[in-house]
Amino acid sequence: MSPLASAFEPAQIEDKWYKFWEEKGYFHAEEKSDKPPYCIVIPPPNVTGALHMGHALTLTIQDLLIRYKRMCGYNTLWLPGTDHAGIATQMVVERQLAKEGTNRHEIGREKFVERVWEWKKKYGNRIKEQQKRLGASVDWERERFTMDEGLSRAVREVFVKLYEEGLIFRDTRLINWCTSCQSALSDLEVDREEPEKGELWSFAYQLVDGSGEIVVATTRPETIFGDTAVCVHPDDERYKAMIGKLVQHPFLKRQIPIIADPELADMELGTGAVKVTPAHDPNDFACGKRNNLEFINILNPDGTLNEECGDFAGLTTVKARQRVKDELEARGLARGSKEHIYAPGRCQRHPKTVVEPMISTQWFVNTESLAREALKAVEEGKTEIIPAEWVKTYYHWLENIQPWCISRQLWWGHRIPAWYCDDCHKETVAVEAPTACKHCGSHNLHQDEDVLDTWFSSALWPFSTLGWPENTQLLKTFYPTSVLETGYDILFFWVARMMMMGIHFMGDVPFKQVLLHAMVRDERGKKMSKATGNVIDPLDVIDGSDLDNLYHKLEGYNLPPAELKRAKAAQEQLFPEGIPACGADAMRFTLAAYTAQTKDIHLSIKRIEGYRKFGNKIWQLTRFLLNTLGENYTPVTSAPEPKTLPAKWILSRLSNMLKVVAAGMDEVKISEVTMAIYQFIWNELCDWYVETIKPVIQAGEAADPEAFKNAQDTLYYVVETALRTLHPIMPFITEELWQNIPRRADMPESIMISPYPVAAEHLIDSAAEEQFGALMQIVTAIRAVRSDYTISPKVRLSAKVRLSKANLAAALNEQVSSIMRLSNADVTFVDELHHESGNLAIVVNCGEISVSLAGLINVEAEKAKVDKELTKLEKDIARFNGKLSNPSFKDRAPAEVVAAEETKLAEALEMKKGLEASLKRLNELA
RNA sequence: GGGCGGAUAGCUCAGCGGGAGAGCAUCGGCUUUACACGCCGGGAGCCAAGGGUUCAAACCCCUUUCUGCCCACCA
């Protein structure tokens, strides 16, 4: 009686084994091996993502690689960390506060940070739960590097060093300002959404001397308050005379000059004259610098117009825009408008908020020299980016890199280690809080209020989490790390910056390989989003979720009623019966199978269900194995000597599969690994090998002890090996099954720490594969006849087989009982086929089969079938002949290709002969 | 405007120089003692269009048409 339940129920085994691995300490085995180090850097989980599917993908691939490497004997380590700073984190708490009717300014900085920690703890547990359910083994203990401890120290060290090297500086420049975050943003945090229809609106500036007007066009009339010049091209005949003259600002007392600047003004565009707003436009800013213009900031931090705007102060930009237009119109200065398509920058965290270019004093990193090194490292192959398609993108970004604005006007993050002197107003930058100003010695210092961009601290991850700036053992062992695995969306945000910082501070690249995986979308390719209702939570896939549950979850997202309604409808259509419980193993297998190197993953629930069934298949296979082995089986220590054709065949196929798996793992083509294992276990092991040994097993040990033992050993060996091969992808079920099969005393106590299987060259047997292939052809052909003529499986057919190759005969004669069993037909091998009138002849590659049908033959259907085959065959033959009769083919093609073509032609001709004879007989019957 | 992909069976995709593949879906037949979360069998594709390179092209090159995504400061 098998100790295994009659079917695979993932929920009943997952928790048990995760606890077991955790208790045994397998997840933190980095000190336990003297093999080479293998270290994976894990990205911070996406704090805002309600779907987490991308995170699940990252966790799965990383855990899979780690498990594989660990089984291969490597010393492994994950380098996890959490989001230590950032707008997203701050936003969550700010929303909470808003619900409570307060805000961060009311409760103060200290309390606010406390609240964030509270929330992060709760959130961290959610992440922990998710990775646990996926079987992923992240050592989150490293979270101890908090804001106050190790990481913070590393961040300050890096800041000070870069400052001293002149690579970090404070400057007043044009930055991106999000009026919702009320903070500066880096260029990367500004998204350009769909271009929208706007208006290019023209108006006239009157010359002060009354000699006329100059017409300019703008998409943003409200910026008129920041205008400090009108610019024309120096060669523009229309305006040459006006250069140097002043125009009157229509709303302010200000008079502004008409200047000439060939870089800004384009004679071909619009009127050829352009208003210059140096404090609110990148081009105008540059023009202002060149021409020493005044920089006038016209916006408050919340995006309303400030006191520079006269009566307009306090208005939002949108309202101000309309009023500016109205008033200019009223004064007769409007000069018409035309449609204009443009894409305003929007805040990554606040997609509804248009990012305002604004002049502001911020901290910057001069990334130019850092970027050059990061670029060179990839060029020189020190770091390999996989897939290589991304290399160009990586280069392009680094080549065009701009100074990186790193200060954020937030409260949650690593505080900038700069202190300002209240007396001399100069800055002192230091790792520890200074007691006196280094310029004037004053003790009246106050620290910079701002924090650093979350990606600044993240850029240090590969060494800061290993204990830098101390030269720790961990750092010495694991830097540079082996692999970084992450989604391609943070190639610039994180990967490139880790490269820059790693090379600069450690003198070596932070990782040898960068694996960039695809983004997870829904099965129709739509981006998963709460509002579209196509969000799939990995936990819902693992545990299953009915429609009520899914609805409930949607409601939790706080969508506006209309969106909620739409989302519900979409959800109902996508998951009409809810989501079935598939378990972590199926989830992992699916994600692994989807990693073929495309840019998008269209996740299909159906496919996950399919892999859930694969789990059950292995479960059943193991139950069969246990029944076969009986109570007192002693496991083999190595591959049993194959005595029969099926044994030779399955061991050969196993070795082939292991070769494909090893290659796939080494080249990180995980989808090829999943396919190879799936097909081997299901289509070869279960469908054929198991079926061939059933008679031996059923006959019992007494009937033929040697054959019985050999079948047991082979099946045990193959299944045990397959389980270990599959373990990194489906950890739970393989552990459960492995624990339930007999094991030798010298085997480890867990499959997780057992050695990974290696292909045995000596077991690869192409003759056996050909012979067994012929067996499969014969059996399939006879089964097809049964199916075509809807003959009950209980009716025993009778067939004669003539093999085209003499060398197959001996091997297949031995297997005749197998063939008879598998096809439920009496099969005899003959040298010559005597076609009897009631028989149906089938031509296959390895020979010809005559099945006795007692006159049931559907002559027309068979003729059509043979005709179709003949047509195809003739086409093939024509192609082979064409090739072989072409002298340059024989000259230029490799010898083995020519030989292969010759064999194919011979086989095709042989088959053609058979088919023609068949057709002739059919015609006689008709 | 620049860059990178994708277009292969009804759907989701794999293959990326030597006879078109998988899963799901579909159709037909099976209560065969591991498994109906199953078994057996079948149908289904001018591999987007056109040109080129090659002995040989779904695969390499060029052009076109759709279609994603990323980057970009243009009034």
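Hydrogens, waters and symmetry mates are skipped; everything else that's a heavy atom, side chains included, is used. Naming: A, B, ... by sequence-line order, numbering from 1 per chain.
Counting non-hydrogen atoms under 4.0 angstrom, A:Trp201 reaches nothing in the nucleic acid. When heavy atoms are screened at a 4.0 angstrom cut-off, A:Phe285 is found touching no nucleic acid atom at all. At a threshold of 4.0 angstrom between heavy atoms, the contacts of A:Gln402 with the nucleic acid are absent. In this structure, A:Lys392 reaches the sugar-phosphate backbone alone: every heavy-atom distance under 4.0 Å involves primed, P, OP1 or OP2 atoms, never a base. Base contact: A:Pro894 has a heavy atom under 4.0 Å from a base atom. Within 4.0 Å (heavy atoms only), A:Glu901 reaches sugar-phosphate atoms of the nucleic acid but no base atom. Residue A:Asp876 is in base contact, counting any heavy-atom pair closer than 4.0 Å across all strands shown. Among the atoms of the strands shown, base atoms are found under 4.0 Å from some heavy atom of A:Arg612. Looking at heavy-atom distances under 4.0 Å, A:Val216 makes no contact with the nucleic acid at all. Among the atoms of the strands shown, base atoms are found under 4.0 Å from some heavy atom of A:Cys686. Residue A:Glu9 is classed as a base contact, given a heavy-atom separation below 4.0 Å to a base. Within the 4.0 angstrom heavy-atom criterion, no nucleotide atom of any strand lies near A:Ser6. The residue A:Glu268 sits apart from the nucleic acid: no heavy atom pair falls under 4.0 Å. Looking at heavy-atom distances under 4.0 Å, A:Asp284 makes no contact with the nucleic acid at all.
For A:Glu902 and A:Lys890, the salt-bridge test passes: some basic side-chain N is under 4.0 Å from an acidic carboxylate O. Of the charged side-chain nitrogens involved, at least one lies within less than 4.0 Å of a carboxylate oxygen, so that A:Glu862 and A:Lys865 count as a salt-bridged pair. With respect to the salt-bridge test (charged N to carboxylate O, under 4.0 angstrom), the residues A:Asp227 and A:Lys275 qualify.
Put simply, NZ on A:Lys794 is 9 Å from P on B:C30, counting in whole angstrom units. A:Lys275 places its NZ atom 16 Å from the P atom of B:C74, with the value rounded to the nearest Å. To the nearest angstrom, C1' of B:C37 lies 16 Å from CD1 of A:Ile681. As rounded to whole Å, 9 Å separates atom C1' of B:G18 from atom CZ of A:Arg879. Rounded to an integer number of Å, the gap from CH2 of A:Trp177 to C1' of B:C73 is 20 Å. Atom pair A:Leu822:CG and B:C30:P shows a separation of 20 Å (rounding to whole Å applied). Counting to the nearest Å, the P atom of B:G3 and the CD1 atom of A:Ile401 are 20 Å from each other. Remark: C1' of B:G3 and OH of A:Tyr395 are 15 Å apart, rounded to the nearest angstrom.
The nearest pair of heavy atoms linking A:Cys231 to A:Ala260 is SG-C, 4.5 Å.
Out of B:G43, B:C74, B:A22, the shortest distance to the side chain of A:Lys868 is found at B:G43. Listed nucleotides B:G18, B:C30, B:C71 differ in distance to A:Lys904; the shortest reach to its side chain belongs to B:G18. You'll find that the side chain of A:Gln620 is closest to B:A34, out of B:A34, B:G41, B:C70. Looking at the side chain of A:His602, the nearest of the listed nucleotides B:C40, B:U12, B:C30 is B:U12. Taking the side chain of A:Glu907 as heavy atoms from C-beta on, and the options B:G15, B:A34, B:G19, the nearest nucleotide is B:G19. Of the candidate nucleotides B:G18, B:C37, B:G19, B:G18 has the atom nearest to the side chain of A:Ala893. For A:Thr790, the listed nucleotide lying nearest its side chain is B:G29; candidates were B:C73, B:G29, B:C39. Checking B:G41, B:C13, B:G18 against the side-chain heavy atoms of A:Ala784 singles out B:G41 as nearest. Among the nucleotides B:C73, B:C70, B:A34, the one closest to the side chain of A:Pro282 is B:C73. Here B:G41 is the nucleotide among B:G41, B:G19, B:C73 with the atom lying nearest to any side-chain atom of A:Ser787.
In this structure, A:Arg623 fails the cation-pi test against A:Phe8, since its NZ or CZ atom is not both closer than 6.0 Å to the six-membered ring centre and inside 45 degrees of the ring normal.
Nucleotides B:C39 and B:U31, compared at atom P, are 16 Å apart to the nearest Å. Taking the P atom of each, B:A57 and B:A20 are spaced 12 Å apart, rounded to whole Å. With P as the reference atom, B:C13 and B:G2 are 29 Å apart, rounded to whole Å. To the nearest whole angstrom, the two C1' atoms, one in B:C59 and one in B:U8, are 11 Å apart. Separation of the C1' atoms belonging to B:G15 and B:G6 is 15 Å when rounded to the nearest angstrom. B:G41 and B:C24: their P atoms are spaced 14 Å apart (whole Å). When the C1' atom is compared between B:U64 and B:A22, the two are found 32 Å apart, to the nearest whole Å. Separation of the P atoms belonging to B:C40 and B:A14 is 27 Å when rounded to the nearest angstrom.
Each of A:Ile13, A:Thr622, A:Val719, A:Leu621 was evaluated against A:Leu737; a single residue qualifies, A:Thr622, per the side chain to side chain contact (heavy atoms under 4.5 Å, CB included) test.
The side chain of A:Trp682 contributes an N or O atom lying less than 4.0 Å from OP1 or OP2 of B:C39. Remark: A:Lys875 is not in phosphate contact with B:A20, judged by side-chain N or O atoms under 4.0 Å from OP1 or OP2.
Under the Watson-Crick and G-U wobble criteria, each requiring two contacts below 3.5 Å, nucleotide B:A44 is left unpaired. A 3.5 Å limit on both hydrogen-bonding distances identifies B:U67 as the Watson-Crick or G-U partner of B:G5. Base pairing annotation: B:G50 forms a Watson-Crick or G-U wobble pair with B:C62, both donor-acceptor distances under 3.5 Å. If you check B:C39 for Watson-Crick or wobble pairing at under 3.5 angstrom, you find it paired to B:G29.
Counted by atom type alone, A:Glu736 and A:Asn740 present one or more donor-acceptor pairs between their side chains at under 3.5 Å.
For B:A14, the base has no donor-acceptor partner in the side chain of A:Lys669 [N/O atoms by modelled type, under 3.5 angstrom].
Two rings, from A:Trp682 and A:Tyr678, have their centers less than 6.0 Å apart.
Side-chain contact between A:Arg321 and A:Arg220 is present, with heavy atoms from C-beta onward closer than 4.5 Å. Looking at heavy atoms from C-beta onward, A:Thr692 lies in side-chain contact with A:Tyr689 at the 4.5 angstrom threshold.
Along RNA chain B, the nucleotide nearest A:Trp688 and the nucleotide nearest A:Leu625 are compared for position; the residue whose nucleotide lies closer to the 5' end is A:Leu625. Of the residues near RNA chain B, A:Val897 and A:Arg607, the one whose nearest nucleotide (by heavy atom distance) lies more toward the 5' end is A:Arg607.
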